[in-house]
There are 2 protein chains.
Amino acid sequence: MPRPRSLTHAQVASAALTVIDRDGLPGLSMRAVAKELGMSTMALYRYVDDREELEAQVVELVLGAVDTEPPPPDLPWCERIEVMAARLRDAVGAHPAIVPLTLTQRHRSPAQLRWAEAVLAILTAAGIEGEQRVIALRGLLAYIVGAIQLEHLGPLSGDGTVAISQLPPGDFPYMSETARQARDVGPDQEFLGGLAVLLRGLGA
Amino acid sequence: MPRPRSLTHAQVASAALTVIDRDGLPGLSMRAVAKELGMSTMALYRYVDDREELEAQVVELVLGAVDTEPPPPDLPWCERIEVMAARLRDAVGAHPAIVPLTLTQRHRSPAQLRWAEAVLAILTAAGIEGEQRVIALRGLLAYIVGAIQLEHLGPLSGDGTVAISQLPPGDFPYMSETARQARDVGPDQEFLGGLAVLLRGLGA
DNA sequence: CTCGTAAGCGTATGCCGTACGCCTAAACCC
DNA sequence: GGGTTTAGGCGTACGGCATACGCTTACGAG
C-alpha cells in the first residue's frame, strides 16, 4: 500500500562505487552519493542506516562479483587455489580505492564466506585437515589481503622503490641493491611468486 | 633569538598515541590531541603541517620501537626471520588501533627500512638472491601485514568465528567445521604457524 | 631595556554525518 | 473515482571536523 521505492539497494551501492572510482575514497560522502543519484542527501538515509552500512554495501558489491564456483577439478590443487586467489585479487584490483574499506568490512561479507568455503574444499581435497587447515586458510587470506594492499599502496613499480634504490649503500646495502632488482618484477610476478612460496610450504 | 618551542615532536606524537589508545582511531582529531597537550587546536599546527603528518609521526613512534638489531647469528636463518617478524608484530600489537594507519604510512617509515634491511641480510645469508629475494621480502611483508590485520579486525577468538561455526552445514559444510576447529588455535599459533608455512616454502 | 621572532591562540569558513519533522506520491479499499 | 494510509523524499539545523589567516605575547639576543 505504501509508496514504492524508486531505487534498489544495488543502485545505491553502485552509485557510491562510481563516486569512489571517480573521486577516490576521500571523495565518498553521503552528499556526493546523493548527488550522484539525483536525490537529496537525506533521502539516502531511507536506504542505509548510516555511512558505515553504505561502505559495507560497496564492499559487498565488489566482493560479490568474485566467482566462487570451484575451479576445473582436473587442475592440481595448488593451481586451483591460485585461481581462487587471482579471482579475489582481480575483483579488488578493479576498484583499488576500496582496499581500505575491505579491511573493516571483510569478515561480514557473505561473498567472502562463499570464497572461503570453496578454498577450504580444495585444501581438504589436498589432504590438509584439522588445525593445519585453519592455519592454511588464515595464512592464505593474510597473504592475499596484505599483498593486495602492498600492491596498491606501495607498489614495486612506484616512487618508493626508486627512492629506496637511491638510499646510501653504506647504510642500506641490501635495500638499495634489492630495490634495483625489484624494477624487473611486475605486479603479477610478485603476487603469484609469493603465493607460490606459500603453496610450496603447504605442500611439503 | 625567537621564543623556544615548549614541546618536542616526540611529545606531540606521543600525545596522539595516548589519544588513540584511549579513544580509538575515530577519537583521533587535532582538537583531541591539542587538548591532551593542554594547548589550543591551532598551536598544534606549529608542530605538524596537517593531520596526515601527525598520523605519520604516530606510526613512526610505534615502528621506531621495533628492535632492528640482527638476531643471534647462531640461530638457523628461518628462526632469525621469525624473531624479526615477531618484533614487528609485537610493536604493532601493543597499539592495535593504529593498524589502519600503518597501511598508508608504512613505506615512508625509516624504521621500516631498517627492519627490511635486517631481513634482507638474513635472506641473503640463506642463499636467496635476485628476484627471488625481492619476492621473498615482499611476500613476508604481505603476510605479516595481513596477519596483523586479520588478528585485530577479525580474530579467530572473536564473534565472527562463533557465527561461522553456526552457519547452516548444508550451505557451508567446510566453513562450519573449520570454525569449530579454529577455537583451539591461539593467536600466536596462528601467526607463527602461517609464518612457518611461508618459511618452509622459501627453504624448499 | 628594547626589539625581532616565532610560539601560541581566536576567529571564521566550509566541509562532514545525521537527527528531526514536514510534505506528498502512490497503492489499496470502497 | 475518491479517500485513507503509509512510507518515500526532502529542508533545515546542529555539532564536530580540518584548517587558513591574522593577532598577541613570551622570550632571548643585543
- Do A/S109 and A/E60 have side-chain N/O donor and acceptor atoms under 3.5 Å apart? yes

Can you tell me which nucleotide in [options] comes closest to the side chain of [X]?
X	options	value
A/M42	D/dC17, C/dC9, D/dT12	D/dT12
A/R51	C/dC9, C/dC16, D/dT19	C/dC16
A/R46	C/dG10, C/dC22, D/dT19	C/dC22
B/D50	C/dG17, D/dT19, D/dC10	D/dT19

Just how far, in rounded Å, is [atom2] of [N] from [atom1] of [X]?
X	N	atom1	atom2	result
B/L37	C/dA7	CG	C1'	14 Å
B/K35	D/dC17	NZ	C1'	13 Å
B/D23	D/dC17	CG	P	11 Å
A/L7	C/dA26	CG	C1'	17 Å
B/M30	D/dA18	CE	C1'	8 Å
B/Y45	C/dT11	OH	C1'	15 Å
A/R5	C/dA25	CZ	P	18 Å
A/L44	D/dC10	CG	C1'	12 Å

- For residues A/L17 and A/I98, determine if any side-chain heavy atom of one lies less than 4.5 Å from a side-chain heavy atom of the other. yes

- Message: Reading DNA chain D from 5' onward, which residue's closest nucleotide shows up sooner: B/A32 or A/S40?
- Response: A/S40

- Item | Toward the 5' end of DNA chain C, by each residue's nearest nucleotide, A/G27 or B/M39 | B/M39

- Message: Base of D/dG16, side chain of B/R31 - is there a donor-acceptor contact under 3.5 Å?
- Response: no

- Without swapping roles, check the side chain of B/R80 against the backbone of B/L75 for a donor-acceptor pair under 3.5 Å. yes

- Would A/R108 and A/E52 pass as an ion pair if we require N to O under 4.0 Å? yes

- Salt bridge check: are A/E177 and B/R133 linked by an N-O gap of less than 4.0 Å? yes

